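So the structure is just underneath, and the comments pick up after that.
Owing to the predicted nature of the structure, the values given are computational and were not obtained by experimental measurement. All residue numbers refer to positions in the sequence shown, counting from 1.
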Amino acid sequence: MRLLLLLPVLSLSVLAQPAPEPLKLPRAARPPVLEDFVSGRPAGLAVSDFRQYTPGDGVAVSQATTAYLSYDDKNLYVGWICKDDPRKIRARVARRKDLESDDRVTINIDTFHDHKRAYWFDVNPYAIQYDGITTDGQGDDASWETLWYTDARITDDGYVVLQTIPFRSLRFPDTPSQSWGVMLGRFITRNNEFAMWPAVTRRRAPQFVGQFGNMEIGEDISPGRNIQVIPYGLFSNNRYLDTAKGFQVHNEARGGVDAKMVLRDAFALDLTLNPDFSQVESDEPQVTVNQRYEVYFPEKRPFFMEKASLFSTPENLFFSRRIVDPQFGARLTGTVGRWSLGM
């Protein structure tokens, strides 16, 4: 006698969001200006299907939002038309990077398409900028800075923004065409809302960059000859009274040079000889009462900034601020395929 026991099987299926079609960016006939978007004559590839990351996972954005993308030989352009009640917009004329409590828009770009690391470029309705690098598994690095341009205006039915990002401010592969990861997003602070294209879900956290869509530039672009050489010289003459020796004269001369070269679009070589960091912003005060551990300040000196996240580890093995007054230095950083290089 045989007993056949049938056990019910519960099958759970997760409905995955279908991958969106790649964004094939058009070439701009002329550089766009903010007035194109204010007057309702925007140019570029339109993107408007924004979905919430928070508070609702996958819910449509609460306020109509459209981004328009295009490019030319030198720049990537992103224009935004954000509908809203202007009385409810939260934004300030603040210090650069002090935007985390403001309404704003953002574009994140994974130029090497490694699904791990991306540049971010945020801007609020007063054109204040916030940039940095985000890395899956490590989080955000706001110490990274580069040169880009913004224009913005609050209108009767919301606000408009224009971002101009020079290719020479980015690092990307030296290939005939480009395929980048991209995320477009809008923050609406009063709702604690962050909505994105493509739909990025919290269910796949901590993966973030890995959920980006694709953006294609079908022509050969390049940062061009991106070489910076910044020499400096300083001479000081001091005359002071020594009570034992009388008036004394002390002369001091100092000079040095910083240099940056971009090699094959994807690598950056930084060189420095007796660098001058006197123009670096001062450190914010920290409480050191009963402090048992060394105090960490974020790095602000230009030589150490290029792809600083490459040197970040769960246990901090390299802390550049221990190098107080470098006499000379060289750094090579870049990406080859799926590998990132920092020396």
Side-chain angles (χ1 to χ4, degrees), residues 74-75 95-98 119 129-133 141-149 165-172 174 222-286 288 294-313 316-335 340-343:
K74 296 182 178 180
N75 303 307
R95 290 182 58 191
R96 190 174 188 273
K97 295 200 171 190
D98 186 17
Y119 303 101
Q129 299 178 353
Y130 185 23
D131 51 15
I133 294 176
D141 175 14
S143 65
W144 180 82
E145 295 182 341
T146 193
L147 178 66
W148 54 297
Y149 307 95
I165 303 172
F167 293 131
R168 67 183 306 170
S169 295
L170 303 173
R171 308 286 178 260
F172 49 84
D174 181 15
S222 173
R225 294 183 177 179
N226 201 344
I227 301 175
Q228 303 172 17
V229 179
I230 307 173
Y232 81 94
L234 175 67
F235 177 78
S236 63
N237 174 268
N238 299 303
R239 187 170 183 266
Y240 59 94
L241 177 62
D242 187 316
T243 55
K245 300 179 180 180
F247 281 98
Q248 302 293 310
V249 176
H250 177 70
N251 298 325
E252 182 181 359
R254 180 184 172 105
V257 63
D258 290 327
K260 180 188 291 288
M261 289 168 277
V262 177
L263 310 174
R264 297 186 62 83
D265 298 351
F267 293 88
L269 176 63
D270 290 271
L271 303 170
T272 190
L273 176 63
N274 197 24
D276 174 31
F277 296 134
S278 62
Q279 299 301 315
V280 176
E281 66 182 74
S282 60
D283 297 317
E284 295 184 2
Q286 294 194 35
T288 58
E294 63 181 313
V295 178
Y296 284 86
F297 292 95
E299 183 60 81
K300 296 293 184 182
R301 297 174 294 178
F303 173 78
F304 296 98
M305 299 296 286
E306 180 79 31
K307 285 200 170 182
S309 61
L310 290 181
F311 302 93
S312 298
T313 53
N316 200 356
L317 303 178
F318 172 73
F319 181 43
S320 58
R321 291 295 289 265
R322 292 196 183 106
I323 306 172
V324 179
D325 185 18
Q327 300 305 303
F328 59 88
R331 296 174 78 243
L332 179 66
T333 55
T335 301
S340 295
L341 172 69
M343 301 176 61

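Note: Asn238 CG to Glu252 CD = 8.0 Å, rounded to the nearest 0.5 Å. Going from atom OG of Ser236 over to atom NE2 of His250 covers 6.0 Å, rounded to the nearest 0.5 Å. We find the CZ-CD distance between Arg239 and Gln248 to be 10.0 Å, quoted to the nearest 0.5 Å. To the nearest 0.5 Å, atoms CZ (Arg254) and CG (Asn274) are separated by 4.0 Å. Note that the CG atom of Asn237 and the CG atom of Asn251 stand 4.5 Å from one another [nearest 0.5 Å]. Atom CZ of residue Phe167 and atom CG of residue Asn75 lie 7.0 Å apart, to the nearest 0.5 angstrom.
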For Val262 and Arg168, run side-chain contact (heavy atoms from CB on, under 4.5 Å): C-alpha distance rounded to whole Å, both residues' side-chain angles, the deciding distance at 0.1 Å, then the answer. CA-CA 9 Å; Val262 177; Arg168 67 183 306 170; over 6 Å; no

In sequence, state the C-alpha distance, the side-chain angles, and the governing distance for Tyr119 and Asp131, and then conclude on side-chain contact (heavy atoms from CB on, under 4.5 Å). CA-CA 7 Å; Tyr119 303 101; Asp131 51 15; over 6 Å; no

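The main-chain N or O of Ser143 is never found under 3.5 Å from a side-chain atom of Glu145 such that the two would form a donor-acceptor pair. Although no hydrogens or angles enter the test, the distance criterion places a donor-acceptor pair under 3.5 Å between the side chain of Arg331 and the main chain of Phe303. Formation of a donor-acceptor pair under 3.5 Å by the Thr272 side chain with backbone atoms of Gly329 is not found in this model. No donor-acceptor distance shorter than 3.5 angstrom exists from the side chain of Arg301 to the backbone of Pro275, with no hydrogens or angles considered.
By the neighbour-count criterion of 12 heavy atoms within 6.0 Å, atom CZ of Arg96 is densely surrounded, having more than that number from other residues, nucleotides or ligands. For NZ of Lys74, the number of neighbouring non-hydrogen atoms (other residues, nucleotides, ligands) closer than 6.0 Å is 12 at most. Within a 6.0 Å radius of OH in Tyr232, other residues, nucleotides and ligands contribute more than 12 heavy atoms.
Between Leu271 and Ala330 the shortest heavy-atom distance is CD2-CB, 3.7 Å. Of all heavy-atom pairs spanning Phe235 and Ala253, the tightest one is CD1-CB, 4.1 Å. Of all heavy-atom pairs spanning Asp325 and Gln327, the tightest one is O-NE2, 3.1 Å. Shortest non-hydrogen contact noted between Trp148 and Ile165 is CB-CA, 4.2 Å.
Here Phe304 pairs with nothing under the ring-ring contact (aromatic ring centres under 6.0 Å, His included) rule; sequence neighbours left out.
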